[in-house]
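Counting starts at 1 for both ligands and their atoms, in listed order. Numbering of residues begins at 1 and proceeds along the displayed sequence.
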Amino acid sequence: MRKIAVIGAGQMGSGIAQTVAQHGLHVMVSDIDLAHAEAGKAGIEKALTKLVGRGKIEADEAEAVLSRITPVADYAPMADADLIIEAATEREEIKQSIFESVGKVLSESAIMASNTSSIPITRMANYSPDAERFIGLHFFNPVPVMGLIEVIPGLATAQDTTERTTAFAEMLGKQVVLSQDEPGFVVNRILLPMINEAVFVLGQSTAGIVDIDKGCRLGLNHPMGPLELADFVGLDTCLDIINVLYRTTRDTKYRPAPLLVKYVEAGWLGRKTGRGFYDYSGDAPVATR
Ligand code: CAA
C-alpha cells in the first residue's frame, strides 16, 4: 500500500494521518471542507513541532512528514488511493453518506476501512460498493503513541482484505488484535463498562473525582483514571459507545450512568469543550466534584 486517504481530520483522523506520514507513506486528508482538512494538518504541524522541541525528531524529518500530508477538498483525488480510512463522527448516517460517495470514485482494488469504535462492520459494509473490501480498523487515542490497532473483518470481508489490512497496521509499528464483529469489539467492550461504572461510583458519592482516578491510577497501574480518560476520549463518544452496547445487546449491565447522560446534555464533553469531569480553563485540570 502506498497511497492512503483519511476521511475526517479531527482528533483520530489527524492522529492516523500523522502516523501514516511518519511511516513514509503519502496521505490525503479530507473533512467537511478544505478549511477543516487544513486545520487538521495545522494540528499535526503543532504536534510535530512539540516533538522537535523535545528533541524526539529532527526539524527536517518533521518537514518531510508534513510534506507527505495533503489536505483535499473532496473525494476525487482519492481515485488512486490503495486504502481509505474513514474517521468521521461516530454517527452511522454520516458514515453511510461518506462510503456511498467515496465508493463511487475508488479503484476496484482499494480497501475501505472504518475507524468506528462500535458500529457493526457487517452492516456498514452495505454502504460500500464491495463488502469484500470493507473492514474495521480501530485505532486508539493518541494514535501516534498507542501501540494497538484492532482489525475487525465483517461477515463478508475477504481474507485477502484482512491480510492486507493487518500488514498495513503492522507496517505502522502497531500490534494487531483481530476481533470478531461484535459490539465494542474487544477493548471498548471492556473499557466502556469500566468508565460507565466509575460515573455510577461518582453519582452515588462513593468517592470524588480525584479519588476515583487516583484509585485506578495507583491501584491498577493505569496511566489515567477512568474519569480523566473519559474526558480525554470525549463524554459524548463514551455515551455513544455505551449506548451501542446497551441497545445491541439489550443487556441492562450496559445502561448508561445517569450522570454521564447529564454531563453530555450540559455540553460538558471533556477536554474538547474545556469542561468535563475536570475543568480545563486554568493551567492544570481541576476536578469539578
Ligand atoms: N505524536 C507522537 N508522539 C507523541 C504525541 C504525538 N502527537 N503526543 C505525545 N507523544 C509522545 C510524547 O513525546 C511522549 O514520548 P516519551 O514517553 O518518549 O517522552 C509520550 O507520547 C507521552 O506523552 P506526554 O509526556 O505528553 O504525556 P504523558 O506521559 O502524560 O502520557 C498519554 C499521555 C500517552 C495520553 C497517557 O496518559 C496514556 O497512555 N493515557 C491513556 C490513553 C488511553 O487509554 N487511550 C485509549 C483511549 S480509548 C480509545 O482510543 C478507543 C476508543 O474508541 C474510545
Side-chain angles (χ1 to χ4, degrees), residues 8-23 27 40-58 61-62 65-66 69 85-91 95 113-121 136-152 169 172-175 177 179 182-196 198 213-214 216-218 220-245 260 264 269-272 276 278 280 284-285:
Q11 198 173 34
M12 294 305 288
S14 298
I16 295 167
Q18 178 185 330
T19 305
V20 170
Q22 281 186 302
H23 285 79
V27 58
K41 183 170 176 177
I44 296 171
E45 185 168 6
K46 229 170 131 186
L48 291 171
T49 306
K50 244 191 198 167
L51 292 180
V52 172
R54 287 175 165 193
K56 295 278 158 91
I57 58 170
E58 298 294 331
E61 190 187 336
V65 170
L66 274 178
I69 301 172
I85 304 168
E86 169 275 319
T89 308
E90 193 70 356
R91 291 278 141 78
K95 293 180 190 283
S114 176
N115 179 54
T116 181
S117 35
S118 57
I119 303 172
I121 301 303
L137 189 60
H138 184 218
F139 293 79
F140 291 81
N141 186 24
V143 180
V145 179
M146 303 299 281
L148 176 71
I149 296 181
E150 288 178 314
V151 170
I152 309 105
L172 296 181
K174 310 290 189 194
Q175 300 219 23
V177 164
S179 170
E182 297 291 340
F185 314 135
V186 173
V187 176
N188 279 341
R189 163 87 178 272
I190 297 167
L191 172 65
L192 266 298
M194 184 187 78
I195 288 178
N196 196 42
D213 279 342
K214 195 204 280 182
C216 291
R217 267 201 324 271
L218 300 180
L220 301 174
N221 227 4
H222 289 183
M224 283 178 165
L227 301 172
E228 277 180 280
L229 184 55
D231 275 2
F232 184 65
V233 169
L235 302 192
D236 51 342
T237 303
C238 290
L239 182 60
D240 281 345
I241 301 172
I242 198 79
N243 266 330
V244 166
L245 288 170
L260 179 61
V264 172
L269 306 183
R271 286 199 193 188
K272 62 184 168 189
Y278 292 83
Y280 298 90

- D236 and side-chain contact (heavy atoms from CB on, under 4.5 Å): which partner among L260, T89, L269? L269
Which pairs of N or O atoms, one from ligand 1 and one from the protein, are separated by less than 3.5 Å, and what is the distance for each pair?
from     : atom 1 : to   : atom 2 : distance (Å)
ligand 1 : 1 (N)  : Q18  : NE2    : 2.9
ligand 1 : 13 (O) : R54  : NH1    : 3.0
ligand 1 : 15 (O) : K56  : NZ     : 3.2
ligand 1 : 18 (O) : K56  : NZ     : 2.9
ligand 1 : 19 (O) : K56  : NZ     : 2.4
ligand 1 : 26 (O) : R54  : NH2    : 3.3
ligand 1 : 45 (N) : N141 : O      : 2.7
ligand 1 : 50 (O) : N141 : N      : 2.9
ligand 1 : 53 (O) : H138 : NE2    : 2.8
ligand 1 : 53 (O) : N188 : ND2    : 2.9

- Message: Would the distance check show the side chain of D231 and the main-chain N or O of Y278 forming a donor-acceptor pair, the cut-off being under 3.5 Å?
- Response: yes
- Message: Given 3.5 Å as the limit, does a donor-acceptor pair link the side chain of E90 with the main chain of T237, or not?
- Response: no
- Task: Can you measure from NZ (K50) to CD (E45) and round to the nearest 0.5 angstrom?
- Result: 14.0 Å
- So, the side chain of E150 versus the backbone of V186: is there a donor-acceptor pair under 3.5 Å, distance only? yes
- Message: Minimum heavy-atom separation for A62 and I57, please, with both atom names.
- Response: CB-CD1, 3.8 Å
